[in-house]
Amino acid sequence: MKYPKLRELREAIKALIVGPYTSKFPFKPHQPFDAFRGRPKFYEDECVGCTACAQVCPAQAIEWTDDLKRKKRILNVRWDICIFCGQCEANCLSVTGIRLSRDFDLATLKREDLFQTIEKDLVLCESCREVIAPYDQIIWVANKIRSLLFSNTSLMLAFLEDKGFLSEESPGISDPTLRADRFRLLCPACRRKAIYKS
Ligand code: SF4
Ligand code: SF4
């Protein structure tokens with residue numbers, strides 16, 4: 001007859017006293033530990049729309065497009081292809097724009113439950129209508145560089161527009177370009193042209 005080893009005997013007695021290690025999920029909600037990497041979620045008020053998270057995502061689970069007609073940047077995180085690596089959270093420009101939750105139960109029959117979409121207002125060049133940056137990103141930069149903001153015309157104008165100090169609709173760029181056009185919201189390429197031509 002074989003006797004149980006001491007270690008197994010100790011485990012058996014421990015299980016009798018403290019109960020089994022396994023959880024009662026799905027009959028009782030399971031609480032993952034604090035550092036668990038679950039569904040990443042955008043926090044719209046804290047995200048500035050810079051797309052850094054999309055660029056570092058190894059699974060390409062974060063997609064973004066610019067809708068120039070609506071002047072919106074659309075960011076989309078797809079939980080069906082996310083690998084929960086946490087790179088988006090670790091490299092987020094605003095630090096708290098996207099965070100991994102402890103939400104692990106992704107089972108669903110509805111496609112719309114498998115992604116989250118947020119939108120950011122865009123600043124466009126007054127001349128060529130190219131995207132300069134989202135307003136929130138410009139405000140983020142403005143808060144970092146403070147008074148140095150006034151050394152960059154486009155940053156300053158976008159900041160003042162966002163704060164409601166520039167309410168008038170822009171008259172657009174003059175043709176031929178005038179010296180005054182250098183004080184418009186322009187992308188770097190159009191600003192160079194305006195400087196050379198005026
Ligand atoms: S956790 Fe990883 S895979 Fe998922 S969205 Fe973030 S970077 Fe992409
Ligand atoms: S602020 Fe963070 S969450 Fe928002 S787009 Fe940039 S990196 Fe992504």
Side-chain angles (χ1 to χ4, degrees), residues 23 25-26 29-125 128-149 151-152 154-164 185-189:
S23 73
F25 183 82
H30 172 62
Q31 289 298 329
F33 50 91
D34 287 346
F36 181 82
R37 297 201 302 249
R39 188 194 304 257
K41 290 181 186 166
F42 279 121
Y43 289 80
E44 196 162 356
D45 291 344
E46 292 157 50
C47 167
V48 298
C50 66
T51 74
C53 53
Q55 290 170 45
V56 297
C57 176
Q60 299 184 339
I62 300 177
E63 302 160 340
W64 62 278
T65 49
D66 288 338
D67 183 340
L68 297 185
K69 277 193 188 145
R70 291 172 53 234
K71 291 175 70 175
K72 296 273 186 197
R73 173 163 291 171
I74 303 143
L75 293 128
N76 191 29
V77 55
R78 287 184 54 187
W79 298 312
D80 54 344
I81 55 172
C82 170
I83 55 171
F84 311 104
C85 63
Q87 285 301 306
C88 50
E89 180 182 293
N91 292 283
C92 174
L93 183 74
S94 68
V95 181
T96 51
I98 190 164
R99 279 174 269 158
L100 269 65
S101 65
R102 292 197 290 160
D103 188 2
F104 65 91
D105 189 3
L106 306 179
T108 180
L109 293 174
K110 288 190 268 171
R111 182 164 285 277
E112 58 271 24
D113 289 345
L114 288 173
F115 59 85
Q116 181 198 8
T117 303
I118 59 166
E119 293 191 338
K120 292 277 145 190
D121 291 329
L122 284 174
V123 180
L124 301 186
C125 171
C128 67
R129 311 304 293 166
E130 271 300 315
V131 174
I132 297 178
Y135 277 100
D136 286 350
Q137 192 175 350
I138 285 184
I139 303 301
W140 183 87
V141 173
N143 288 332
K144 289 275 172 200
I145 62 174
R146 297 179 179 266
S147 57
L148 287 177
L149 166 81
S151 63
N152 182 302
S154 293
L155 272 180
M156 177 184 72
L157 291 175
F159 178 78
L160 294 176
E161 195 177 81
D162 186 73
K163 296 289 173 203
L185 244 173
L186 299 175
C187 66

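When a ligand or atom number is given, it counts from 1 through the structure's own listing order.
For K120 (side chain) and C47 (main-chain N/O), a donor-acceptor pair under 3.5 Å exists by modelled atom type. Without hydrogens or angle criteria, E130 side chain to C125 main chain gives no donor-acceptor distance under 3.5 Å. Of the possible donor and acceptor atoms, one in the side chain of S94 sits under 3.5 Å from a partner among the backbone N and O of E46.
For F42 and F115, the ring centers are positioned 6.0 Å apart or more.
Annotation: cation-pi geometry satisfied between R99 and Y43 (NZ/CZ under 6.0 angstrom from ring centroid, within 45° of ring axis).
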Yes or no on side chain to side chain contact (heavy atoms under 4.5 Å, CB included) for L68 and L124, after CA distance, side-chain angles and deciding distance? CA-CA 8 Å; L68 297 185; L124 301 186; 4.0 Å; yes
Take R73 and E119 through the salt bridge (Lys or Arg N to Asp or Glu O under 4.0 Å) test and state the conclusion after the steps. CA-CA 5 Å; R73 173 163 291 171; E119 293 191 338; over 6 Å; no
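You'll find the side chain of W64 stays beyond 4.5 Å of the side chain of I74, heavy atoms only.
Here atom 4 (Fe) of ligand 1 has protein N, O or S atoms under 2.8 Å from it, and they come to 1. Excluding waters, the count of protein N/O/S atoms less than 2.8 Å from atom 4 (Fe) of ligand 2 comes to 1.
Heavy atoms only, all atoms of each residue included: L100 and E89 are closest at N-OE1, 2.6 Å.
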